[in-house]
Amino acid sequence: MPELPEVDTAAGVLRTVANGKIVASVERLHRVHRRLLPPAAVRRLIGAQVTAIERRGKHQLIRLGDGSTLHVHFRMTGDWEPGLTRDPLPPYARVVINFTDGSRVALTDPRALSTLTLHAPGVDPLPDLGLDATDPAFTAEVLDRALSKRRIAIKPALLDQCVVAGLGNIYATEALWLARIDPRRPASSLDRRELARLVKAIRRVLEKGEPWSVYDREGKRCHRCGTTIERITQAGRSTYWCPGCQDSASGPRSSAKRTRGARSDASARRPRTSRR
DNA sequence: CGTATCCTGACC
DNA sequence: GGTCAGGATACG
């Protein structure tokens with residue numbers, strides 16, 4: 001659930017609590033995190049000063065005084081819970097970082113899928129990432145370049161962090177609804193107009209935390225056209241979409257750009273569900 | 001390209 | 001007691 005905006009907020013919390021502080025101790029409360037952060041890493045963390053907190057996409061980087069980096073990814077349910085060392089632990093605390101001034105921050109994570117790893121100076125722990133979805137430099141042109149060679153559908157393509165960094169299943173689903181684009185369309189088949197709509201839609205869904213328009217609304221009626229929302233599985237994930245107003249083609253002009261793969265969804269061009 | 005894996009709470 | 005969700009990665 002934490003996508004770019006939530007991770008950005010969490011990184012802000014972490015910055016407030018941890019920046020400039022010196023690590024006094026580290027507790028690893030879950031088997032997974034004892035493995036990710038072995039005793040040698042804990043020893044290196046103790047006494048280190050936090051010099052900066054950075055965020056890229058859904059990744060957080062905790063820069064330390066000796067040049068090493070603690071790389072954090074929340075995955076599904078991770079979050080930071082600030083507090084004092086003497087406070088009782090919050091529910092689902094998996095890792096606790098105590099500072100020498102008596103403050104602490106706990107990584108809480110019901111599903112314990114979060115990762116937290118220490119990297120030596122000079123090592124870049126980040127995987128290949130596209131521009132942040134909120135980066136002003138993220139434009140239709142950039143998206144076009146990232147998608148032009150992809151043969152997969154647009155929805156799973158948006159989840160690929162190399163294409164654009166920070167989108168998860170919910171916001172990718174919402175952005176396609178807002179841009180009125182069929183999530184099954186081949187990524188390379190979108191024309192410039194659609195890409196521009198999509199970039200705008202991505203910015204909007206990330207900036208406003210509005211209630212979901214399509215996500216988790218299977219069987220309910222589309223707020224825009226009244227058609228019944230459907231759920232499909234793409235790349236193993238749920239996609240919700242409206243067959244009535246998320247077009248599979250943008251019009252005659254798009255045909256020039258459509259590829260061989262695009263033809264396979266021609267049968268879906270007509271909405272399968274009538275309105276009302 | 002698809003599918004399994006990690007992990008646990010929620011739900012049936 | 002079984003299934004599902006979900007991000008990223010590993011694998012077939």
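Atom set for the values below is all heavy atoms of this structure, side chains included, hydrogens, waters and symmetry mates excluded. Chain naming here is simple, since letters A, B, ... match the order of the sequence lines and numbering starts at 1 in each.
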Rounded distance in Å - NZ (K155(A)) to P (dG7(C)): 8 Å

Of the listed nucleotides dA5(C), dT8(B), dA8(C), the one nearest the side chain of R94(A): dT8(B)

Touch class at under 4.0 angstrom, heavy-atom based, for G168(A) against every strand present: sugar-phosphate

Phosphate OP1/OP2 of dG7(C): any H73(A) side-chain N/O under 4.0 Å: no

Length of the CZ-C1' vector between R75(A) and dG9(B), whole Å: 18 Å

Ion pair check, R150(A) and D160(A), cut-off under 4.0 Å: yes

Check: dA5(C) base within 3.5 Å donor-acceptor of R111(A) side chain: yes

Phosphate OP1/OP2 of dT8(B): any H30(A) side-chain N/O under 4.0 Å: yes

d(CE, M76(A); P, dA10(B)) in whole Å: 13 Å

Phosphate-side-chain proximity, S238(A) and dA5(C), N/O vs OP1/OP2 below 4.0 Å: yes

List every contact pair, protein side and nucleotides 10-12 of chain C side both N or O, where the distance is under 3.5 Å.
none

L113(A) CG - dC4(C) P separation (whole Å): 17 Å

Close side-chain approach of Q246(A) and R224(A), heavy atoms under 4.5 Å: yes

Residue K58(A), side-chain heavy atoms: nucleotide from dC7(B), dG9(B), dG7(C) that is nearest: dG7(C)

d(CD, Q234(A); C1', dG2(B)) in whole Å: 13 Å

Euclidean distance, atom CG of residue D79(A) to atom P of dG7(C) [Å, nearest integer]: 16 Å

Donor + acceptor pair across side chains of Q234(A), T239(A) (<3.5 Å): yes

Sugar-phosphate, base or nothing in reach of R35(A), heavy atoms under 4.0 Å: nothing

Nucleotide nearest A112(A) when distance is taken to its side chain, options dT8(B), dG7(C), dT9(C): dT8(B)

Distance, rounded to the nearest Å, where E218(A) contributes CD and dA5(C) contributes C1': 14 Å

Heavy atoms of other groups near D124(A) CG, more than 12 under 6.0 Å: yes

R237(A) side chain near dG7(C) phosphate (N/O to OP1/OP2, under 4.0 Å): yes

Side chains of R111(A) and T77(A), donor plus acceptor under 3.5 Å: no

Polar side-chain atom of Q161(A) near backbone of L159(A) as donor-acceptor pair, under 3.5 Å: yes

Side-chain N or O of R231(A) closer than 4.0 Å to phosphate OP1/OP2 of dC4(C): no

Touch class at under 4.0 angstrom, heavy-atom based, for F74(A) against every strand present: nothing

From dA5(C), dG9(B), dA8(C), nucleotide with atom closest to Q161(A) side chain: dA8(C)

What pairs of donor and acceptor atoms, side-chain ones from residues 83-92 of chain A against any protein atom, are under 3.5 angstrom apart with sequence neighbours left out?
residue, atom, partner, partner atom, Å
T85(A), OG1, N98(A), OD1, 3.2
T85(A), OG1, G102(A), O, 3.2
T85(A), OG1, S103(A), O, 3.4
D87(A), OD2, L84(A), N, 2.9

Between dA5(C) (C1') and Y240(A) (OH): distance, integer Å: 9 Å

Nearest non-hydrogen partners of D109(A) and R94(A), listed with the distance: O-NE, 2.7 Å

